[in-house]
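Before any comments, here is the structure.
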Amino acid sequence: RVRRALGLLFPADLVAKTVDHGLEPRVTCPYFPESPSCDPSVLPLAFDVPAARALLDEAGFRDADGDGVREREGERLAFSFLAAAQSTKMAKVLPLYLDALKEAGIDARIETVDVSAYMGRVRAHDFDAMALSWSAPDLVQDLYPALHSSQAEDGQNYLGFSDPEADALLEKIRVEFDESARH
């Protein structure tokens, strides 16, 4: 519920208009939208502060002491968003996102570091939240390095994503040469 609330709080339309100037399409998969590997039935989350607040309430996060920040069992809902100091895009996106988070009662702050320190911290999993961009012009990509659980410790799965079903699919797709079966 908390992760979904964080997704509902991302002001994608505002970012598209004021930061991306309508030049970047929203995606719901790790491939270019033209890829047959993208499922067109998966829709992006809408920006919805009231729905996010309701999810946070359901998860037990409430502003019990009236200071504007939600908490559960005495722990504040707070985190820092690690950003590379040289990223002009994140310098524009993060304040918009943090405004929406604050509106929902989440205490988030931006922690900027030099790019070399950023990647060192990302590789060491030393962050609360961060953003990276994976893109390639190929319609067929091998996502094993970025998403397989075996790659979390020393590979490129910096978020530590782990799901046995996803692992099995990532392994299977690497040895499947029939395009329709791959999709």
Taking all heavy atoms of [X] and all of [Y], pick out the closest pair and write down the distance.
X	Y	answer
Leu8	Ala51	CD1-CB, 4.0 Å
Gly160	Ala152	CA-CB, 3.8 Å
Ala5	Leu55	N-CD1, 3.9 Å

Just grab all the ring-ring contact (aromatic ring centres under 6.0 Å, His included) pairs involving residues 98-126, residues at least two apart or on different chains.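 Residue pairs passing ring-ring contact (aromatic ring centres under 6.0 Å, His included), neighbours aside: none found.
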Selection residues 40-90 - residue pairs positive for ring-ring contact (aromatic ring centres under 6.0 Å, His included), sequence neighbours left out: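 Those involving residues 40-90 do not exist here.
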Restricting to pairs with a member in [range], which pass salt bridge (charged side-chain N to carboxylate O under 4.0 Å, His left out), not counting sequence neighbours?
range	answer
residues 160-170	none
residues 110-126	Glu111-Arg121, Arg121-Asp126
residues 168-183	Asp142-Arg174

Could I get the full list of salt bridge (charged side-chain N to carboxylate O under 4.0 Å, His left out) partners for Asp128, not counting sequence neighbours?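 Scan of Asp128 (salt bridge (charged side-chain N to carboxylate O under 4.0 Å, His left out), adjacent residues dropped) gives none.
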What distance do Ile106 atom CD1 and Leu98 atom CG have between them, rounded to the nearest 0.5 Å?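 CG of Leu98 is found 9.5 Å from CD1 of Ile106.
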Tell me, please, which residues at least two apart from Tyr144 pass ring-ring contact (aromatic ring centres under 6.0 Å, His included).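 With sequence neighbours excluded, Tyr144 shows a ring-ring contact (aromatic ring centres under 6.0 Å, His included) to His148, given in chain and number order.
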Please say yes or no: joined through hydrophobic side-chain contacts below 4.5 Å, possibly via intermediate residues, are Met90 and Val113 part of one cluster?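 Met90 and Val113: separate clusters.
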Applying side-chain contact (heavy atoms from CB on, under 4.5 Å), can you list everything that pairs with Val42, at least two apart in sequence or on another chain?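 Thr28, Asp39.
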If the condition is side-chain contact (heavy atoms from CB on, under 4.5 Å), which residues does Ala12 pass it with, not counting sequence neighbours?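 Checked Ala12 against side-chain contact (heavy atoms from CB on, under 4.5 Å); matches are Phe10, Arg26.
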Any side-chain hydrogen bond (donor to acceptor under 3.5 Å, both in side chains) involving residues 43-63? Give me the pairs, sequence neighbours left out, ordered by first then second residue.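 Applying side-chain hydrogen bond (donor to acceptor under 3.5 Å, both in side chains) to every pair that reaches into residues 43-63, excluding sequence neighbours, yields Asp57-Arg70.
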Return each pair, listed once, that meets side-chain hydrogen bond (donor to acceptor under 3.5 Å, both in side chains) where at least one residue sits in residues 89-110; pairs must be two or more places apart or across chains.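 Residue pairs with at least one partner in residues 89-110: Asp20-Lys89, Glu24-Lys89, Arg76-Asp107.
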